[in-house]
Amino acid sequence: MPRARRRPAGQDMKGPEGKRSKTKNLGGASAQVESSSLQRTPASEDGGEALGSYWLMKSEPESRLEKGVDVKFSIEDLQAQPRQTTCWDGVRNYQARNFLRAMRLDEEAFFYHSNCRAPGIAGLVKIVKEAYPDHTQFEKNNPHYDSSSKEDNPKWSMVDVQFVRMMKRFIPLAELRAHHQAHKASGGPLKNMALFTHQRLSVQRLTREEFDFILSLEEKEPS
DNA sequence: GCCAACGTTGGC
DNA sequence: GCCAACGTTGGC
């Protein structure tokens with residue numbers, strides 16, 4: 001099956017080569033109740049909080065070809081989308097998928113720039129549509145096509161996210177790491193941050209303490 | 001471009 | 001079900 005990859009469907013309407021069908025018609029005629037997954041668990045399954053959760057979602061802001069398709073999707077690309085909204089397709093890792101399925105409407109996520117010259121947290125997005133089947137798993141020409149997934153039992157899910165705001169200042173990975181290292185000794189809020197303890201996971205859950213601490217960094221001088 | 005970390009695959 | 005080989009992630 002396809003490798004685990006993240007990144008949203010940059011419905012970039014660049015050039016004539018209109019990628020796939022894409023273009024989720026949000027607000028389309030029938031705001032149909034999606035989610036073939038009625039498995040709507042109490043969100044307490046993955047060690048999840050009962051209350052709202054916070055998230056971090058990775059995306060690559062620099063061009064890179066995957067099976068001939070550019071996977072670039074920066075926060076600026078998100079801002080340029082209709083309604084500043086995109087479907088977060090292409091996740092092919094079970095842990096990340098389960099987090100997508102645990103996301104609830106209006107929960108907030110950091111938009112993280114990965115695999116680039118300046119990795120770090122660029123902005124804030126929120127969930128505007130809960131998990132539903134990722135259509136790209138059925139598209140033979142999509143880099144994330146999964147021949148093992150069947151239409152009547154889709155393996156992979158996606159959510160829709162909408163731009164909320166840019167961070168007041170970009171929060172570099174190196175700065176987060178410095179806090180993580182310090183907090184491991186001091187017991188501070190970033191001591192177990194998934195960005196470092198599960199570094200390859202493209203969709204991560206944050207505690208409220210982690211989320212609030214990172215927001216507080218916006219007000220501080222770059223260190 | 002290098003390469004460590006780590007998830008997945010497939011032989012047995 | 002083990003585990004070595006392999007492929008990917010993603011920082012540097």
Side-chain angles (χ1 to χ4, degrees), chain A residues 1-10 45-48 54-78 86-103 109-125 131 133-134 136-150 153-159 161 167 169-184 190-206 210 213-214 217 222-223:
Chain A
M1 79 172 78
R3 63 258 101 231
R5 206 97 194 74
R6 61 184 148 319
R7 90 79 202 296
E45 84 214 274
D46 320 271
Y54 300 90
W55 309 97
L56 180 147
M57 304 172 84
K58 298 180 182 177
S59 189
E60 301 187 30
E62 295 174 4
S63 287
R64 185 174 64 80
L65 293 186
E66 207 172 304
K67 296 189 175 171
V69 178
D70 193 352
V71 298
K72 169 187 186 295
F73 194 82
S74 67
I75 196 162
E76 290 82 8
D77 294 323
L78 175 60
T86 192
C87 55
W88 205 268
D89 74 325
V91 170
R92 297 293 182 270
N93 168 279
Y94 287 106
Q95 194 177 356
R97 180 203 69 179
N98 291 343
F99 281 147
L100 290 177
R101 292 180 176 179
M103 290 175 169
F110 287 124
F111 191 109
Y112 179 87
H113 280 173
S114 70
N115 200 18
C116 57
R117 281 169 308 156
I121 294 173
L124 268 179
V125 300
D134 176 347
T136 65
Q137 70 196 295
F138 305 120
E139 298 170 358
K140 291 211 171 63
N141 295 321
N142 190 284
H144 306 119
Y145 172 65
D146 183 356
S147 63
S148 73
S149 183
K150 301 305 168 195
N153 186 21
K155 197 175 278 189
W156 306 111
S157 300
M158 63 186 179
V159 297
V161 305
M167 298 302 278
R169 68 179 180 86
F170 182 83
I171 311 293
L173 173 64
E175 183 174 341
L176 293 169
R177 178 184 288 109
H179 287 296
H180 168 65
Q181 290 297 343
H183 289 183
K184 281 199 291 184
L190 298 195
K191 65 175 185 296
N192 297 129
M193 191 179 181
L195 197 55
F196 307 103
T197 60
H198 302 278
Q199 71 181 219
R200 292 178 49 182
L201 194 58
S202 67
V203 178
Q204 308 180 349
R205 196 200 296 270
L206 297 175
E210 288 166 342
F213 179 82
I214 292 167
L217 295 177
S223 47

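We name chains A, B, ... by the order of the sequence lines, and we start the count at 1 in each one.
- Look at CD on A:Glu66: it is 9 Å from C1' on C:dT8, rounded to the nearest Å.
- Atom P of nucleotide C:dG11 and atom CG of A:Leu176 are separated by 11 Å, given to the nearest angstrom.
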Q: Begin with the C-alpha distance, continue with both residues' side-chain angles, and end with the deciding distance and a verdict on side-chain contact (heavy atoms from CB on, under 4.5 Å) for A:Asn93 and A:Val203.
A: CA-CA 9 Å; A:Asn93 168 279; A:Val203 178; over 6 Å; no
Short heteroatom pairs, N/O only, protein and nucleotides 2-6 of chain B, under 3.5 Å:
residue	atom	partner	partner atom	Å
B:dA5	N3	A:Arg200	NH1	3.2
B:dC6	O4'	A:Arg200	NH1	3.2
B:dC6	O2	A:Arg200	NH1	2.1

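- The CZ atom of A:Arg117 sits 14 Å away from the P atom of C:dG11 (whole-angstrom rounding).
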Q | Derivation and outcome, ring-ring contact (aromatic ring centres under 6.0 Å, His included), residues A:Phe111 and A:Trp55 | A | CA-CA 9 Å; A:Phe111 191 109; A:Trp55 309 97; over 10 Å; no
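- Between A:Arg177 and C:dC12 there is a side-chain N or O to OP1 or OP2 distance below 4.0 Å.
- Among the nucleotides C:dG10, B:dT8, C:dC12, the one closest to the side chain of A:Asn93 is B:dT8.
- Between the side chains of A:Ser149 and A:Arg92, no donor-acceptor pair is found at a separation under 3.5 Å.
- Remark: P of C:dT8 and CG of A:Leu201 are 18 Å apart, rounded to the nearest angstrom.
- In this structure, the CZ atom of A:Arg92 is 13 Å from the P atom of B:dT8, given to the nearest Å.
- Considering A:Ser63, A:Ser74, A:Pro61 as possible partners of A:Cys116, the one that fulfils the side chain to side chain contact (heavy atoms under 4.5 Å, CB included) test is A:Pro61.
- Rounded to whole angstrom, the span from the NZ atom of A:Lys58 across to the P atom of C:dG10 amounts to 4 Å.
- The CH2 atom of A:Trp156 sits 13 Å away from the P atom of B:dG7 (whole-angstrom rounding).
- Proximity of A:Ile171 to A:Phe110: side-chain heavy atoms (C-beta onward) are nowhere separated by under 4.5 Å.
- Rounding to whole angstrom units, CZ of residue A:Arg97 and C1' of B:dG7 are separated by 15 Å.
- Between A:Val125 and A:Thr86, the closest side-chain pair of non-hydrogen atoms is not below 4.5 Å.
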